[in-house]
**Q** 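Below is the structure I would like to discuss, written out as structure tokens.
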Amino acid sequence: SDVGSQKERVVTEEEWLQKWEMGNIGFHKEQGHPLLQKYMDVLLNGRSGLRIFFPLCGKAVEMKWLADMGHSVVGVEVSEQAVKEFFSEHSLPYCEEPVPEISGAKMFQSTSGNISLYCCSIYDLSSLIVGKFDGVWDRGALVAVNPCDRQRYASLMISLVEKNSSYLLVTVSYDPNKHKGPPFYVPESEIKSLFG
């Protein structure tokens with residue numbers, strides 16, 4: 001199979017938290033992702049004041065870029081450390097509050113109100129909690145999701161976007177028999193079957 005031995009691979013929430021604790025975050029790009037800079041126009045499509053979703057956001061610097069451009073940014077991340085580092089590294093004051101609909105979840109919001117980061121499992125979110133989005137920057141989420149959860153992930157993402165939204169998705173291409181992931185290899189055919 002073209003996904004090799006990855007099909008059965010599962011990375012637990014604890015493993016992700018450990019990556020953050022150990023600073024094993026090679027996936028974080030200090031300078032932001034060059035593909036977002038290249039395709040920013042595709043994401044924004046000439047529109048201003050958009051609601052943009054960052055699934056599995058980590059401490060992506062692009063959240064600040066888009067907020068500074070006047071957009072409203074919402075992210076979800078399982079690591080509270082990552083969320084707090086995002087705010088401290090950008091010297092952004094924030095407040096923290098529980099999310100009543102999700103047991104144990106917290107929402108960290110910049111005092112300016114244009115960046116809201118949910119600290120919980122992405123699968124606990126719904127459009128009733130976070131609303132719908134005009135754009136999604138999926139830089140490392142689909143490729144981090146366990147292969148067995150991709151359909152669930154894609155269904156959730158589709159439920160969170162407005163009809164005329166833009167969805168930028170970054171994947172990686174390599175021989176999945178030589179690397180166990182993450183990032184996982186997601187063939188183009190599977191992306192098409194997941195998202196249409």
Side-chain angles (χ1 to χ4, degrees), residues 10-40 43-44 50-125 129-131 133 135-146 149 153 156-157 160 167-172 181-184:
V10 172
V11 182
T12 65
E13 202 170 280
E14 288 67 34
E15 287 176 82
W16 283 111
L17 293 172
Q18 204 169 22
K19 284 178 187 290
W20 281 100
E21 283 162 26
M22 307 296 289
N24 180 11
I25 55 168
F27 48 81
H28 175 68
K29 298 220 182 303
E30 292 290 339
Q31 305 307 315
H33 202 290
L35 286 173
L36 181 60
Q37 292 166 328
K38 184 175 178 181
Y39 293 103
M40 187 75 84
L43 181 66
L44 303 179
L50 300 183
R51 292 191 81 234
I52 300 174
F53 187 52
F54 279 67
L56 314 188
C57 62
K59 56 179 183 174
V61 298
E62 299 93 324
M63 295 189 289
K64 173 111 174 32
W65 298 352
L66 286 158
D68 287 348
M69 291 167 69
H71 303 289
S72 182
V73 170
V74 176
V76 61
E77 170 58 50
V78 77
S79 167
E80 187 170 323
Q81 176 185 336
V83 170
K84 288 181 170 174
E85 284 178 11
F86 169 79
F87 287 107
S88 69
E89 288 171 12
H90 294 284
S91 306
L92 289 172
Y94 66 93
C95 56
E96 172 185 332
E97 55 191 57
V99 181
E101 303 91 337
I102 306 170
S103 173
K106 295 178 186 173
M107 196 258 284
F108 296 78
Q109 187 172 50
S110 60
T111 48
S112 57
N114 59 350
I115 301 174
S116 304
L117 305 183
Y118 288 79
C119 186
C120 61
S121 163
I122 190 167
Y123 302 114
D124 289 333
L125 292 183
I129 298 169
V130 294
F133 299 96
V136 175
W137 172 234
D138 186 333
R139 181 213 79 111
L142 180 65
V143 296
V145 166
N146 292 320
D149 291 327
Y153 172 82
L156 172 66
M157 296 308 293
L160 293 178
Y167 195 116
L168 288 190
L169 172 67
V170 178
T171 62
V172 286
F184 295 111

**Q** Out of curiosity, Ile122 CD1 to Leu56 CG, how far, rounded to the nearest 0.5 Å?
**A** 5.0 Å
**Q** Roughly how far, to the nearest 0.5 Å, is NZ of Lys59 from CH2 of Trp20?
**A** 5.5 Å
**Q** Taking all heavy atoms of Leu160 and all of Gly131, pick out the closest pair and write down the distance.
**A** CD2-O, 3.9 Å
**Q** Other residues, nucleotides and ligands only: do more than 12 of their heavy atoms fall within 6.0 Å of OH on Tyr39?
**A** no
**Q** Apply side-chain contact (heavy atoms from CB on, under 4.5 Å) to Ser110 and Phe87, showing your working.
**A** CA-CA 8 Å; Ser110 60; Phe87 287 107; 3.9 Å; yes
**Q** For Glu14 and Gln18, does a side-chain donor sit closer than 3.5 Å to a side-chain acceptor?
**A** no
**Q** Measure the OG-CE distance between Ser116 and Met107 for me, rounded to the nearest 0.5 Å.
**A** 4.5 Å
**Q** Applying the side chain to side chain contact (heavy atoms under 4.5 Å, CB included) test to Ile115, which of Phe108, Phe86, Phe54 qualifies?
**A** Phe86
**Q** Of all the heavy-atom pairs spanning Met63 and Cys57, show the shortest one and how long it is.
**A** SD-CB, 3.7 Å
**Q** If every non-hydrogen atom of Cys120 is compared with every non-hydrogen atom of Val76, which pair is closest and at what distance?
**A** O-CG2, 3.6 Å
**Q** I want to check something: taking the side chain as every heavy atom from C-beta on, are Val73 and Asn114 in contact at a cut-off of under 4.5 Å?
**A** no
**Q** Considering only heavy atoms from C-beta outward, does the side chain of Glu77 approach that of Leu117 to under 4.5 Å?
**A** no
**Q** Looking at Val145 and Phe184, what are the two nearest heavy atoms and their distance?
**A** O-CD1, 3.3 Å
**Q** side-chain contact (heavy atoms from CB on, under 4.5 Å) between Ile129 and Tyr118: does it pass, once the steps are laid out?
**A** CA-CA 10 Å; Ile129 298 169; Tyr118 288 79; 4.1 Å; yes
**Q** State, with a plain yes or no, whether a side-chain heavy atom of Leu142 is found less than 4.5 Å away from one of Met157.
**A** no
**Q** Can you give the donor-acceptor pairs under 3.5 Å from side chains of residues 90-99 to other protein atoms, not counting sequence neighbours?
**A**
from  : atom 1 : to     : atom 2 : distance (Å)
Glu96 : OE2    : Lys106 : NZ     : 3.3

**Q** Would you give the length of the straight line joining atom CD of Gln81 to atom CD of Glu85, rounded to the nearest 0.5 angstrom?
**A** 4.5 Å
**Q** Nearest heavy-atom pair of Ile52 and Leu66: which atoms, and what distance?
**A** CD1-CD2, 3.9 Å
**Q** Starting from the C-alpha separation in whole Å, work towards a yes-or-no answer on side-chain contact (heavy atoms from CB on, under 4.5 Å) for Phe53 and Asp138.
**A** CA-CA 8 Å; Phe53 187 52; Asp138 186 333; over 6 Å; no
**Q** Return all side-chain donor-acceptor pairs below 3.5 angstrom for residues 30-38, not counting sequence neighbours, or 'none' if the list is empty.
**A**
from  : atom 1 : to    : atom 2 : distance (Å)
His33 : ND1    : Leu35 : N      : 3.0

**Q** Please find the pair of heavy atoms, one from Val136 and one from Pro55, that lie closest to each other, and give the distance.
**A** CG1-CD, 3.9 Å
